[in-house]
Amino acid sequence: MNKDWSETNKKIQALLGNKKTYQEGIRLLVEFRGELLEQISYIVNGYPEEAFYQMPFANVRGYHSKTLGYSIWHIFRIEDIVAHSLIAQEEQIFFAGDFAKKIGAPIITTGNELQGEQIAEFSKQLNRKELYEYAKQVMLSTNELLTKLDYADMKRCFTEEDKRNLKESGCVSADENAVWLVDYWCGKDVRGLIKMPFCRHWIMHIEAMQRIKNELCKRARKGVDPIAYCGFSCNHCFLGQWCGSCRTEYNACSFATCFPDGNCPNVTCCGERNLDGCYECEELENCKKGFYIQDNDGANAAKAQAMFIRKYGKKAFLEVHDKLHQKYDFAKTQEILGQDMQEGLKILENESLS
């Protein structure tokens, strides 16, 4: 488990276990859930449709053997059922928002009963944007529920009637791989449910999603030019495990994801003008498109790098970056190159001669 996430989870559970610190625990839990959702947001906004039904680790044991689409579905169907049907005993967000139709889901269950290729086929049917909207609404609704719970509610347990209602709802499959969930949930008190479905369960599946997307990006980048259109080196970028590069459909560049269509204006411009990259453009130094807008901190560094590529070529560029990154991390390298584009170019030139 991610060390930082694990430590945060431990802190939250300790706070929730003490009446004096309970409210602080709820506050931290809600905040932490927001941070975790950002990980899902980045995946949803940065990857193509096909990424959500790929199974790069099929036939292995572990949560990463699933798909990105299934993982999102599973996390939030479980939370919706537990938060609304079990704890609050009210209508689920799934039904209240007519999300079965919006998402295009052929099931209403948690998906535990699905195995192997069934998971991939199920994932192909999901509208990822609507699925993500569902996830957000479930999270916000659960957060509201959490803030309304008192410390005394933490010890509330569940009954045989609660079990029967869950089974009759059809939201948990009668399949042996799923039906155990009913006894599992109802065997815990409210605090136990907050600990698992609302926090630790998220962590485990989001970590699995990260493994899936890392492998998908690795495969996407294989044999692809490691130089981005704007002049960055994908080999040295801090987003290396997140992004498949702007030369593939797995473009999760932090700048590209700022745009609704997921395309950086520099990529679009190069495509329209049939350029291999901005380094082939005679307007480079004065360009203010996309990544080169004046208020972007990385504009000068990107231009300096593109200017170096234009003058010395890609091979020399990658070699000089190898040298720079032996001394500095990505952020420091970009800071050094970004003070002034002409000065940044000189730094690259001097480094290439050292």
Side-chain angles (χ1 to χ4, degrees), residues 37 39-60 62-85 91-141 166 169-179 181 197 201-202 204-217 219-220 244 248-252 257 260-262:
L37 187 71
Q39 301 293 313
I40 296 176
S41 302
Y42 206 72
I43 290 172
V44 170
N45 294 326
Y47 297 116
E49 290 289 343
E50 68 175 38
F52 291 81
Y53 56 81
Q54 299 299 312
M55 298 179 70
F57 299 107
N59 302 318
V60 303
Y63 295 128
H64 60 296
S65 66
K66 317 300 184 184
T67 67
L68 295 175
Y70 173 92
S71 299
I72 299 172
W73 170 272
H74 181 70
I75 292 170
F76 292 97
R77 280 305 290 132
I78 282 184
E79 178 163 314
D80 195 6
I81 296 167
V82 170
H84 298 98
S85 291
E91 188 176 27
Q92 295 173 29
I93 299 299
F94 186 75
F95 299 113
D98 195 23
F99 277 104
K101 181 178 180 181
K102 293 176 181 177
I103 296 171
I107 61 174
I108 65 171
T109 64
T110 64
N112 286 67
E113 70 276 14
L114 302 178
Q115 301 295 316
E117 190 60 29
Q118 291 178 324
I119 294 174
E121 290 303 314
F122 164 71
S123 301
K124 285 182 181 180
Q125 299 178 63
L126 305 180
N127 181 314
R128 62 169 173 156
K129 296 297 184 181
E130 290 294 345
L131 177 60
Y132 178 61
E133 183 60 32
Y134 170 62
K136 288 193 298 182
Q137 290 196 30
V138 170
M139 184 198 75
L140 292 173
S141 182
L166 280 179
S169 73
C171 292
V172 179
S173 171
D175 185 279
E176 63 179 359
N177 291 309
V179 72
L181 284 169
H201 190 242
W202 279 44
M204 294 188 298
H205 279 284
I206 292 174
E207 284 189 328
M209 290 175 71
Q210 290 181 329
R211 291 187 66 178
I212 294 170
K213 59 87 182 168
N214 284 354
E215 181 62 22
L216 291 176
C217 285
R219 294 182 182 184
T248 75
E249 291 186 341
Y250 289 79
N251 179 17
T257 54
D261 60 0

Check your understanding: For Phe99, is the NZ or CZ atom of Lys102 found under 6.0 angstrom from the centre of its six-membered ring and inside 45 degrees of the ring axis?
Key ->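 Yes.
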Using modelled atom types only, decide if a donor and an acceptor are shared between the side chain of [X] and the backbone of [Y] within a distance under 3.5 Å.
X: Arg128; Y: Gly69; value: no
X: Trp73; Y: Thr109; value: yes
X: Tyr132; Y: Ile72; value: no
X: Ser141; Y: Gln137; value: no
X: Asp80; Y: Ile93; value: yes

Minimal non-hydrogen separation, [X] against [Y], with atom names:
X: Val172; Y: Val179; result: CG1-CA, 4.0 Å
X: Met209; Y: Ser71; result: CG-CB, 3.5 Å
X: Thr67; Y: Tyr70; result: OG1-N, 2.9 Å

**Study point:** Other residues, nucleotides, ligands: >12 heavy atoms within 6.0 Å of Gln115 CD
**Key:**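 Enclosed: over 12 neighbouring heavy atoms sit under 6.0 Å from CD of Gln115.
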Review point. If you draw a 6.0 Å radius around CG in Asp98, do more than 12 non-hydrogen atoms from other residues or ligands fall strictly inside?
Key: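 Yes, CG of Asp98 has more than 12 neighbouring heavy atoms, counting only those of other groups under 6.0 Å.
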Practice item. Verify side chain to side chain contact (heavy atoms under 4.5 Å, CB included) between Cys171 and Arg77, making sure each step is shown before the conclusion. Key: CA-CA 9 Å; Cys171 292; Arg77 280 305 290 132; 3.6 Å; yes
Practice item. Could you go through the side chain to side chain contact (heavy atoms under 4.5 Å, CB included) check for Asn112 and Ser173 one step at a time? Key: CA-CA 8 Å; Asn112 286 67; Ser173 171; over 6 Å; no
**Study point:** Candidate pair Glu121 and Gln125, rule side-chain hydrogen bond (donor to acceptor under 3.5 Å, both in side chains), full reasoning
**Key:** CA-CA 7 Å; Glu121 290 303 314; Gln125 299 178 63; 6.0 Å; no
Check your understanding: Salt-bridged, Arg219 to Glu215, with N to O below 4.0 Å?
Key ->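 Yes, charged N to carboxylate O under 4.0 Å.
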Exercise for review: Look up atom CD in Glu117 and atom OG in Ser123, then write down how far apart they are to the nearest 0.5 Å.
Suggested key: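 The CD atom of Glu117 sits 9.5 Å away from the OG atom of Ser123.
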Review point. What distance do Met204 atom CE and Ile75 atom CD1 have between them, rounded to the nearest 0.5 Å?
Key: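 Reported to 0.5 Å precision, the distance equals 9.5 Å.
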Practice item. Measure up the Tyr63 and His205 rings against each other and bin them: parallel (under 30°), tilted (30 to 60°), perpendicular (over 60°). Key: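 Ring orientation of Tyr63 relative to His205: tilted.
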Exercise for review: Take Ile107 and Glu113, measure what side chain to side chain contact (heavy atoms under 4.5 Å, CB included) needs, and give me the verdict at the end.
Suggested key: CA-CA 11 Å; Ile107 61 174; Glu113 70 276 14; 4.0 Å; yes
Review point. For Glu50, which residues count as a salt bridge (Lys or Arg N to Asp or Glu O under 4.0 Å) partner, sequence neighbours excluded?
Key: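 None.
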Exercise for review: Determine, stepwise, if the pair His74 / His201 fulfils side chain to side chain contact (heavy atoms under 4.5 Å, CB included).
Suggested key: CA-CA 10 Å; His74 181 70; His201 190 242; 3.4 Å; yes
Review point. Strictly under 6.0 Å, is that where the ring centroids of Tyr134 and Phe94 end up?
Key: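 Yes.
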